[in-house]
Every structure is written in C-alpha cells, then in structure tokens.
Peer 1: 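After the structure tokens below, expect a handful of questions from me.
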Amino acid sequence: MNSVEEETVSWKRACAVDEVAPGEATRVDHSPPIAVFNVDGEWLATADHCSHDESSLAEDGYLDGDVVECAWHFAKFCVRNGKVLSPPAREPLATYATRVDDGVVYVEV
Ligand code: FES
C-alpha cells in the first residue's frame, strides 16, 4: 500500500498497530493535530492539544486506562468522550473515530 492509498479523503493513517504499545499514544500531524491512544488494544482519538493551553497530550500526557493527564497543569480528560475529569481545563476535547485496517490504525479527519 503506498501513501496515496493509505490516506483517503476522510481517513488519515495514524500508525501501525505494533508501533504504539498499550498505554501509549501517537500524535498525528493534522490541523489541528490529533492524539491517537492505545487503550489496551482499543484505539481512541482526541484533539492532541490540551484545551487549557497547548500541551501535546500524545507526546507529553500520561495515559492511565482511558484517562489522559496533561503534563503541564495536570488536567485530566476521558479519551473515550473527551470530557474534562479534572481542572484546570474546562472545555472538552474533540474526539475522532478510528478504524484498523490490515494492521494500520486510521483516524477520521
Ligand atoms: S496545558 Fe493542560 S492543564 Fe494546562
């Protein structure tokens, strides 16, 4: 599969399933950037930037189950629905659909 086939109009390649371990995340270059989390084999995607400021949740956040904690001021979000679980963030994160096809994780953009 070449890069043209990997990226369709609405699905963007995030990673291969074996590139991101359970409990880890990857950042997808998009505008705005997207964080894709491996929650024990379930792939969940949210906005990458913390809604409190601009911290990257994929690169600097701490994932515990389906909750990500921002590294800057420790806001917590549910990566399943984007809801704020702990301040100082007040706005929820956008969420995105994911799918796995032939060992590759895609996120809907
Ligand atoms: S930037 Fe995430 S809590 Fe402040």
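As the structure is a computational prediction, the values presented were derived from the model and not from experiment. One-based numbering, in listed order, for ligands and for the atoms of each.
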Peer 1: Who pairs with V67 by side-chain contact (heavy atoms from CB on, under 4.5 Å), at least two apart in sequence or on another chain?
Peer 2: K76, L85
Peer 1: Would you say W72 and V68 are hydrophobically clustered, going by side-chain heavy atoms of ILVMFWY under 4.5 Å?
Peer 2: no
Peer 1: Does A71 offer a backbone N or O that forms a donor-acceptor pair with the side chain of D60 under 3.5 Å?
Peer 2: no
Peer 1: I'd like to know whether CD of E108 has more than 12 heavy-atom contacts from other residues, nucleotides or ligands below 6.0 angstrom.
Peer 2: yes
Peer 1: Restricting to under 2.8 Å, identify the protein N, O or S atoms around atom 2 (Fe) of ligand 1 as residue plus atom.
Peer 2: C50 SG, C70 SG
Peer 1: Is there a donor-acceptor pair closer than 3.5 Å between any side-chain N or O of N38 and the backbone N or O of G23?
Peer 2: no
Peer 1: Any donor and acceptor pair, going by atom type alone, linking the side chain of D53 with main-chain N or O of S55 inside 3.5 Å?
Peer 2: no
